[in-house]
Visitor: 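Please read through the structure below; I'll follow up with questions.
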Amino acid sequence: MPKAAAKSRSGKAEKTRRQKKDPNAPKRGLSAYMFFANEQRDNVREENPGVSFGQVGKILGERWKALSDKQRAPYEAKAAADKKRYEDEKQAYNQAQADAEEEESS
DNA sequence: ACGCTGATTGTTCAT
DNA sequence: ATGAACAATCAGCGT
């Protein structure tokens, strides 16, 4: 194991509370679950017809972990690729900031 | 140097 | 259009 996350993810079951305060918020990349859900969404719904989002959502999460590490690998790979995408915006964001600063200095 | 928190991402479903 | 469980993330900031 590389390392252990000794914290319960900020422990906040709030909700999609976002709304950044940055000018061009470099929204991070998607996560492995996003890609996994993209592929499994139809599969899960296929095996669980009639299940409302409540069930599908939970089942989806259960199956997600049900996969083997190498099974999630492709999704993680996408997540990594997506993160790269985010890197680009984050970089542009940093640069834009520096640029704005320069302008501000002007 | 170290760790935490917050912000974000997409699905489905209903309203 | 948005919210909510489901999971990952991980980059920036503060101490």
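Please read all numbers here as calculations on a predicted model, not as lab measurements. Below, chain A is the first sequence line, B the second, and so on; all start at residue 1.
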Visitor: From the set C:dG12, C:dA7, C:dA5, return the single nucleotide nearest to any side-chain atom of A:K90.
Guide: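 Closest nucleotide among those given: C:dG12.
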Visitor: Taking 4.0 Å as the cut-off, does a side-chain nitrogen or oxygen of A:K58 come that near to OP1 or OP2 on C:dA7?
Guide: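 No, no such contact exists.
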Visitor: Verify the contact: side-chain N or O of A:K83 to OP1 or OP2 of C:dC10, cut-off strictly under 4.0 Å; return yes or no.
Guide: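 For A:K83, the contact criterion (side-chain N or O under 4.0 Å from OP1 or OP2 of C:dC10) is not met.
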Visitor: Rounded to the Å, how far apart are A:E39 CD and C:dC6 P?
Guide: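 Interatomic distance, CD of A:E39 to P of C:dC6: 22 Å.
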Visitor: To the nearest angstrom, how far is A:R85 atom CZ from B:dT8 atom P?
Guide: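 My rounded result for the distance is 18 Å.
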Visitor: Rounded to whole Å, how long is the line connecting atom CD of A:E46 with atom P of B:dT12?
Guide: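 Going from A:E46 (CD) to B:dT12 (P), I get 13 Å.
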Visitor: Of all the nucleotides listed (B:dT8, B:dT12, B:dG10), which has the minimum atom distance to the side chain of A:R45?
Guide: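 Shortest atom-to-atom distance from the side chain points to B:dT12.
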Visitor: Need to verify one output field. Residue with the more 5' nearest nucleotide on DNA chain B, A:D82 or A:D42?
Guide: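 Its nucleotide being nearer the 5' end, the pick is A:D82.
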Visitor: Can A:E47 and A:N43 be counted as having a side-chain donor-acceptor contact under 3.5 angstrom?
Guide: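 Yes, side-chain donor-acceptor contact under 3.5 Å.
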Visitor: Compare all side-chain heavy atoms of A:Y86 with those of A:K90 and state whether any distance is below 4.5 angstrom.
Guide: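 Answer yes - side chains close enough.
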Visitor: The side chain of A:L30 is closest to which nucleotide in this list: C:dA8, B:dT12, B:dG10?
Guide: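 The nucleotide sitting nearest to the side chain is B:dG10.
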Visitor: Could you tell me whether the side chain of A:R45 reaches within less than 4.5 Å of the side chain of A:Q55, counting heavy atoms only?
Guide: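 They are not in contact (no side-chain heavy atoms under 4.5 Å apart), so the answer is no.
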Visitor: B:dT8 P sits how many Å from A:M34 CE, rounded?
Guide: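 So the CE-P distance, A:M34 to B:dT8, works out to 15 Å.
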Visitor: C:dA7 P sits how many Å from A:Q71 CD, rounded?
Guide: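 Going from A:Q71 (CD) to C:dA7 (P), I get 18 Å.
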Visitor: Grab the CD-P distance between A:E62 and C:dA8 for me, whole Å please.
Guide: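 Computing the A:E62:CD to C:dA8:P distance gives 13 Å.
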Visitor: Which is true for A:Y86 with a 4.0 Å heavy-atom rule: it touches a base, it touches only sugar-phosphate, or it touches nothing?
Guide: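 It contacts sugar-phosphate atoms only.
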Visitor: With respect to the side chain of A:K65, which nucleotide from B:dT8, B:dT11, C:dA7 is positioned closest?
Guide: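 The nucleotide sitting nearest to the side chain is C:dA7.
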Visitor: If you pin A:A80 and A:G54 to their nearest nucleotides in DNA chain C, which one's is more 5'?
Guide: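 On the 5' side of the pair lies A:G54.
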Visitor: Write down the distance between CG (A:N43) and C1' (C:dC6), rounded to a whole number of angstrom.
Guide: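 Atom-to-atom, A:N43 to C:dC6, this comes out as 17 Å.
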Visitor: Quick check on DNA chain C: between A:Y33 and A:G29, whose nearest nucleotide comes earlier from the 5' end?
Guide: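 Here A:Y33 is the residue nearer the 5' end.
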Visitor: Give the rounded distance in Å between these two atoms: CZ of A:R41 and P of B:dC13.
Guide: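 After rounding, the reported distance stands at 11 Å.
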Visitor: Go through A:Y75 and A:F36 one step at a time and tell me if the ring-ring contact (aromatic ring centres under 6.0 Å, His included) criterion holds.
Guide: CA-CA 6 Å; A:Y75 309 106; A:F36 160 82; 5.3 Å; yes
Visitor: Select one nucleotide: of C:dA8, B:dG10, B:dC13, the one nearest the side-chain heavy atoms of A:S31.
Guide: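 Nucleotide nearest to A:S31's side chain: C:dA8.
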Visitor: In Å and rounded to the nearest 0.5 Å, what is the NZ to CG distance from A:K83 to A:L30?
Guide: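 Output value for this atom pair is 13.5 Å.
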